[in-house]
2 protein chains.
Amino acid sequence: MMDTTVRQSCDSCPIRHRAVCARCESDELQELERIKYYRTHEAGHPICWAGDDMTFVASVVKGAATLSQTMEDGRTQMVGLLLPSDFIGRPGRTTMAYDVTAASDVTLCCFRRKPFEKMLATTPHIGERLLDMTLDELDAAREWMLILGRKTAREKIASLLSIVARRELAIGMGFTGASKGMTIDLPLTREAMADYLGLTLETVSRQISALKREGIIVLHGKRQIEIPDMAALMRQTGDEVTA
Amino acid sequence: MMDTTVRQSCDSCPIRHRAVCARCESDELQELERIKYYRTHEAGHPICWAGDDMTFVASVVKGAATLSQTMEDGRTQMVGLLLPSDFIGRPGRTTMAYDVTAASDVTLCCFRRKPFEKMLATTPHIGERLLDMTLDELDAAREWMLILGRKTAREKIASLLSIVARRELAIGMGFTGASKGMTIDLPLTREAMADYLGLTLETVSRQISALKREGIIVLHGKRQIEIPDMAALMRQTGDEVTA
DNA sequence: CGCACCTTTGACTGGCCTCAAGAGACGTGG
DNA sequence: CCACGTCTCTTGAGGCCAGTCAAAGGTGCG
């Protein structure tokens with residue numbers, strides 16, 4: 001389940017300037033270092049379950065994790081896709097509200113909950129950053145609602161690809177080869193994509209095949225997707241291009 | 001569009017202890033009073049549009065407002081249902097991201113944005129409360145995602161009714177007549193409900209008729225809905241009853 | 001009364017789900 | 001090296017739920 005527990009300096013941290021600690025001064029970082037530890041989880045393994053007691057909150061350092069809800073008859077809906085710098089957990093709450101799963105190999109920077117909450121109360125830089133990040137997540141959730149409620153299967157797939165492409169560009173992954181094209185690493189199985197989009201895995205597979213057939217995407221293996229022309233993909237999302 | 005602009009004391013405010021100002025001390029309230037003003041909007045009228053310049057942020061004092069997104073081909077998805085004490089606007093952002101509409105007659109307590117942001121930076125009580133409220137909204141958004149992505153039309157309707165019932169109970173409206181029954185005032189047209197749930201208004205109408213036919217709800221007029229047995233309604237939501 | 005708006009109901013269509021089978025990738029062990 | 005099992009993904013056939021199109025009923029207001 002958990003693989004390693006190491007400690008590492010914040011100085012060389014890849015998410016130093018995007019995570020919850022982004023606005024901290026060096027003395028505040030030092031205090032954070034005292035309550036933090038690293039954990040890694042293997043792809044496909046659970047990180048924690050809904051209802052679990054939360055002894056920590058954490059930042060995603062590397063990899064991707066998912067938040068999801070499951071109804072008792074098995075229907076599952078993903079409600080969060082956590083990429084590097086995203087925050088796991090809710091200060092002030094002792095139990096996890098969703099299932100958290102490692103979609104790919106994940107490295108977490110964990111903070112013990114109690115001392116973190118104490119710091120949150122005394123360090124405005126952390127609270128301010130957390131508020132900003134939460135507002136961003138709320139915006140993302142609302143964009144997601146439009147996808148779930150109103151978009152067709154094809155538009156859903158295109159929207160997911162463009163969202164991941166946008167995030168990977170922001171983090172500096174997704175090496176852009178040519179001018180307008182790029183390749184993204186999609187850390188999700190077909191089933192996880194279906195859970196994200198409110199579809200079945202068969203429909204996901206069919207739509208990806210269709211996009212491939214039409215040359216809008218090119219598959220390299222199952223999980224690496226080349227987008228030769230980002231504008232062409234965007235035209236499939238149903239979002240206004242105003243072109 | 002805007003009907004009245006009056007000022008009113010915080011002391012007698014019905015949302016004093018639930019809104020963004022909930023944790024403020026009396027001196028902080030006095031400062032808030034200086035930058036606040038009331039506005040009312042008639043049912044059905046827009047409060048502002050996506051892209052509008054935001055000169056204020058606000059709390060909903062009375063009535064209900066909706067946040068919604070519209071695609072250029074007209075498909076609309078509601079992404080927020082704002083009831084008394086909910087917050088409108090995002091500190092640090094100058095334009096509104098969504099269309100805001102008065103679902104019923106709405107009274108807003110508006111704060112001029114610039115001075116509010118200044119207070120936010122200097123008054124921890126406000127930022128803390130806003131973080132908590134934003135986290136609550138994020139949870140609500142995620143519950144909503146499950147509804148949009150995985151529930152059937154009937155389950156969606158039942159879920160909406162139970163959500164509104166829960167909120168009205170929390171605020172202290174929704175006079176409970178008997179033991180387990182209650183009556184709720186649904187401030188939404190069929191079309192607004194459809195936009196909330198990712199359905200068409202025809203499907204909403206059909207499902208409400210079905211619930212009425214089966215005695216799970218009783219209509220008094222179009223907008224007032226009696227729920228004789230809350231447990232019976234809950235059983236229609238698809239959520240675990242573990243009964 | 002006449003009009004506007006919201007709602008209800010019906011008939012039909014279609015997109016996605018369900019059920020099912022098979023293909024491809026990968027690791028294990030004989 | 002290949003048989004075998006497992007896991008993921010693909011593809012096909014058919015059915016159903018919700019969408020679409022259409023018309024009529026209700027309610028409130030000038």
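- The pair B/Glu137-B/Arg142 does not meet the salt-bridge criterion, since no charged nitrogen lies less than 4.0 angstrom from a carboxylate oxygen.
- Comparing B/Arg154 and A/Leu201 along DNA chain D, the residue whose closest nucleotide (by nearest heavy atom) sits nearer the 5' end is A/Leu201.
- A salt bridge between B/Asp86 and B/Arg18 is absent, with no side-chain N of the basic residue lying under 4.0 Å from a carboxylate O of the acidic one.
- If you measure from atom NZ of B/Lys156 to atom C1' of D/dA18, you get 9 Å, rounded to the nearest angstrom.
- A salt bridge links B/Glu143 to B/Arg166: one of the charged nitrogens lies within less than 4.0 Å of a carboxylate oxygen.
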Next item on the list: Output, in order, the C-alpha distance, side-chain angles, deciding distance and verdict of side chain to side chain contact (heavy atoms under 4.5 Å, CB included) for B/Ile227 and B/Asp229.
Entry: CA-CA 6 Å; B/Ile227 303 169; B/Asp229 180 359; 5.9 Å; no
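- For B/Glu202 against D/dC21, a side-chain N or O and a base N or O form a donor-acceptor pair under 3.5 Å.
- Using modelled atom types and a 3.5 Å distance limit, the side chains of A/Thr107 and A/Thr40 yield no donor-acceptor pair.
- Rounding to whole angstrom units, CG of residue B/Leu197 and C1' of D/dC17 are separated by 16 Å.
- Atom P of nucleotide C/dC16 and atom CG of A/Leu148 are separated by 14 Å, given to the nearest angstrom.
- Within residues 204-221 of chain B, the residues that have a heavy atom under 4.0 Å from DNA chain C are, in order of number, B/Ser205, B/Arg206, B/Ser209.
- A/Gln77 places a side-chain N or O within donor-acceptor distance of the main-chain N or O of A/Asp195, the cut-off being under 3.5 Å.
- A/Arg150 has its CZ atom 17 Å from the P atom of C/dG15, to the nearest Å.
- Across the protein-nucleic acid pair, B/Arg223 atom CZ and C/dC6 atom P stand 8 Å apart, rounded to whole Å.
- Separating the CD atom of B/Glu155 from the C1' atom of D/dA18 is a distance of 14 Å, rounded to the nearest angstrom.
- Using a cutoff of 4.0 Å between basic side-chain nitrogens and carboxylate oxygens, A/Asp53 and A/Arg113 are not scored as salt-bridged.
- If you take CZ of B/Arg75 and P of C/dG15, they are 13 Å apart, rounded to a whole angstrom.
- Distance A/Arg190 CZ to C/dG24 C1': 13 Å, rounded to the nearest Å.
- The side chain of B/Thr203 contributes an N or O atom lying less than 4.0 Å from OP1 or OP2 of D/dG19.
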